**Student:** 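Would you mind keeping the following structure in view while I ask a few things?
Predicted model, so just to flag it, every value in this text is computed and none were measured.
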Amino acid sequence: MTNNKHSRTVGIIAEYNPFHNGHAYHIQKARELSHSDFCIVVMSGDFVQRGAPAVYDKYTRTAMALSCGADLVVELPSVFATSSAEDFAAGSIALLDRLGVVDSVCFGSECGDIEKLSKIASVLAKEPEAYTHALRAGLKKGLSFPQARYQALVFSNHLSAEEASLLESPNNILGIEYCKAIIRQKSHLLPLTIQRKGSDYHDTVLIPNQYSSATGIRKVIKEHEKSSLPRDSSFLQVPKPVKQMMENGYPLFPDDFSVLLNSELLRLSHSGTSLDIFADVSEELASKIIKQLPDFLPFEEKISRLKTRQYTYTRISRALLHIILGITSEQVASAKNAGYAPYARVLGFKRDSASLMGQIKKRGSIPLITKTAGADRTLPEEAGFMLRQDFYCSHIYQTVLQDKYQISRKNEFTQSVVTL
């Protein structure tokens, strides 16, 4: 990729849920650190990795990214966008790699040290026998996966307690998974990291003149869901064009899917379908969900009631979302067999970056999809199924959106690619 005939391109993996000043800073620094001419973003669609609907639909979030420095946004297939950190990362890295034009991938992390993160990734990618034995023992004792992994890494003497503690921070975890995926896939991508600034990932309090967390911004959006955002909302720390899109946007939250979840659980129970066929739903968790069936709880309250030492909030949230979206363990395995990223679905691009699209068409190893009508029929069977699953997820999102706001929106097959 160092050939002078080709422009340099950096990849970013993101959810932009929603986009804020920290994301704009990340794009700017990624370009500088990688000396790149273009920036390609792999972004989750209408549902995100923590097992929830994105606060704004994928086209709105794509427009946010393009207005603030991204040149091209492609969608991470929904099967992996709503999966574990490991599969989320593997799908994203495979997609960037197969585009054929990306030189590096840049991500934010709490530690900001690529050597430390790469060392941990190397151990996890190789899965030494002593580590895997200790990991199984921890899980058998009823520890959550993060707890069991930490103990296994330290007790097997592969990492110090200080090194293993880096796995306690969410952005470090994803960064390590990106590095691990690069190693396992033998990708040419160069991993780069910048230290995350401002509020912590889970912070809900917004501090003036400090990069806000997406969690905190979503909290404010929800608080003003039935009214306009405050006139002076500089405390949100979002770029001006993004604020305008937020003011005109239609936000969704997990509890907006409560009726859909409860009705789907009733339908599955009535038909005798076992819930443990769905991704992230174990036999034990399925039993717990069925016991709650008559309570008809809101989505988030249902998660809180199901949460235990063994099952984290996010794990349960993903499990329930997979039930709504019909994503089974078998489908996830099939998507992996298809190579994680058998196509690149374009959500939007800048007009002045059209040459980048041309480069991808020449050098990429997967189809570049800009028109959805009939696209699934041009792909191999497994890939076509993945793309139809993406359509289905967006239709579910749009159904809830239209019901909540009583608006008419373009559907998946008529929505044009966002161009700015």
Side-chain angles (χ1 to χ4, degrees), residues 1-16 19 23-45 58-77 80-81 91-108 178 181-182 185 187-192 194 239 241-242 339-372 375 378-379 383 387 390 415-420:
M1 295 300 293
T2 57
N3 192 316
N4 291 331
K5 293 182 180 179
H6 303 297
S7 302
R8 293 193 64 81
T9 302
V10 64
I12 287 177
I13 301 163
E15 295 188 313
Y16 297 148
F19 197 98
H23 295 134
Y25 171 80
H26 178 203
I27 292 175
Q28 176 194 341
K29 297 304 291 185
R31 285 179 178 275
E32 293 176 3
L33 191 61
S34 63
H35 306 289
S36 291
D37 306 287
F38 295 112
C39 174
I40 296 178
V41 175
V42 169
M43 191 185 79
S44 302
K58 61 188 179 185
Y59 296 109
T60 299
R61 288 164 29 248
T62 293
M64 290 176 176
L66 294 176
S67 68
C68 297
D71 294 294
L72 170 66
V73 180
V74 293
E75 181 178 2
L76 176 63
F80 299 121
S92 300
I93 291 298
L95 184 46
L96 285 174
D97 188 87
R98 290 183 168 198
L99 290 174
V101 299
V102 183
D103 304 278
S104 57
V105 58
C106 182
F107 53 86
Y178 298 147
I182 288 171
Q185 296 176 25
S187 170
H188 72 279
L189 295 176
L190 174 68
L192 304 169
I194 59 171
V242 170
Y340 286 92
Y343 56 86
R345 165 78 189 284
V346 175
L347 293 179
F349 63 95
K350 282 185 180 175
R351 290 187 179 89
D352 59 6
S353 302
S355 63
L356 179 61
M357 300 278 280
Q359 288 183 39
I360 294 172
K361 288 177 180 177
K362 287 180 181 178
R363 303 169 60 194
S365 59
I366 52 177
L368 192 65
I369 297 173
T370 55
K371 295 181 180 179
T372 56
T378 67
L379 298 171
L387 186 58
D390 294 344
Q415 172 70 54
S416 60
V417 171
V418 177
T419 54
L420 291 181

**Student:** Distance check, rounded to the nearest 0.5 Å: L368 atom CG versus I360 atom CD1?
**Tutor:**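 Between atom CG of L368 and atom CD1 of I360 there are 5.5 Å.
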**Student:** To the nearest 0.5 Å, tell me how far L347 CG sits from T370 OG1.
**Tutor:**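 The OG1 atom of T370 is 11.5 Å from CG of L347, to the nearest 0.5 Å.
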**Student:** Would you say that E75 contacts K58 through its side chain, given a criterion of any heavy-atom pair below 4.5 Å between the two side chains?
**Tutor:**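 Yes, side chains in contact.
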**Student:** Is a side-chain donor or acceptor of R345 paired with a backbone partner of K371 at a separation under 3.5 angstrom?
**Tutor:**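 Not confirmed, R345 side chain does not pair with K371 backbone.
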**Student:** Could you walk me through whether D103 and T9 satisfy the side chain to side chain donor-acceptor pair (under 3.5 Å) test, starting with their C-alpha distance in whole Å, then the side-chain angles of each, then the deciding distance to 0.1 Å, before giving a yes or no?
**Tutor:** CA-CA 6 Å; D103 304 278; T9 302; 4.8 Å; no
**Student:** Given side chains that start at C-beta, do those of S7 and Q359 come closer than 4.5 Å, heavy atoms only?
**Tutor:**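 SC-SC contact between S7 and Q359 confirmed.
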**Student:** Side-chain contact test, heavy atoms from C-beta onward, threshold under 4.5 Å: evaluate it for Y343 versus D390 and give yes or no.
**Tutor:**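 SC-SC contact between Y343 and D390 confirmed.
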**Student:** Can you tell which of L379, L387, T378 makes a side-chain contact (heavy atoms from CB on, under 4.5 Å) with P367?
**Tutor:**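 Single pass found, and it is L379.
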**Student:** Find the distance between OG (S104) and CG (L190) and round it off to the nearest 0.5 Å.
**Tutor:**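 Rounded to the nearest 0.5 Å, the OG-CG separation comes to 6.0 Å.
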**Student:** How far does CE of M43 sit from OG1 of T62, to the nearest 0.5 angstrom?
**Tutor:**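 Those atoms lie 3.5 Å apart.
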**Student:** Do the side chains of H26 and I194 get nearer than 4.5 Å, heavy atoms only?
**Tutor:**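 Result yes, sub-4.5 Å side-chain heavy-atom pair found.
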**Student:** Can you tell if the side chain of L96 reaches within under 4.5 Å of the side chain of I13, non-hydrogen atoms only?
**Tutor:**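 With C-beta onward as the side chain, the pair touches.
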**Student:** In the structure I gave you, are the side-chain heavy atoms of L192 and S34 within less than 4.5 Å of one another anywhere?
**Tutor:**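 Contact flag for L192/S34 side chains = yes.
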**Student:** Find the distance between CG (L95) and CZ (F80) and round it off to the nearest 0.5 Å.
**Tutor:**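 It is 11.0 Å, given to the nearest 0.5 Å.
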**Student:** Would D71 and R31 satisfy salt bridge (charged side-chain N to carboxylate O under 4.0 Å, His left out), going step by step from the backbone distance to the final call?
**Tutor:** CA-CA 11 Å; D71 294 294; R31 285 179 178 275; 2.5 Å; yes
**Student:** Residues two or more places apart in sequence or in another chain: which of them pass ring-ring contact (aromatic ring centres under 6.0 Å, His included) with H23?
**Tutor:**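 Partners of H23 under the ring-ring contact (aromatic ring centres under 6.0 Å, His included) test: Y16, F19, H20.
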**Student:** Would you say that V418 contacts L66 through its side chain, given a criterion of any heavy-atom pair below 4.5 Å between the two side chains?
**Tutor:**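 V418 vs L66: side chains touch.
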**Student:** Roughly how far, to the nearest 0.5 Å, is SG of C39 from CG of L356?
**Tutor:**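 Rounded to the nearest 0.5 Å, the CG-SG separation comes out at 10.0 Å.
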**Student:** List the residues meeting ring-ring contact (aromatic ring centres under 6.0 Å, His included) with F38, not counting sequence neighbours, and say none if there are none.
**Tutor:**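 With sequence neighbours excluded, F38 shows a ring-ring contact (aromatic ring centres under 6.0 Å, His included) to no residue whatsoever.
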**Student:** Check the pair Y340 / D97 against side chain to side chain donor-acceptor pair (under 3.5 Å), numbers first and verdict last.
**Tutor:** CA-CA 11 Å; Y340 286 92; D97 188 87; over 6 Å; no
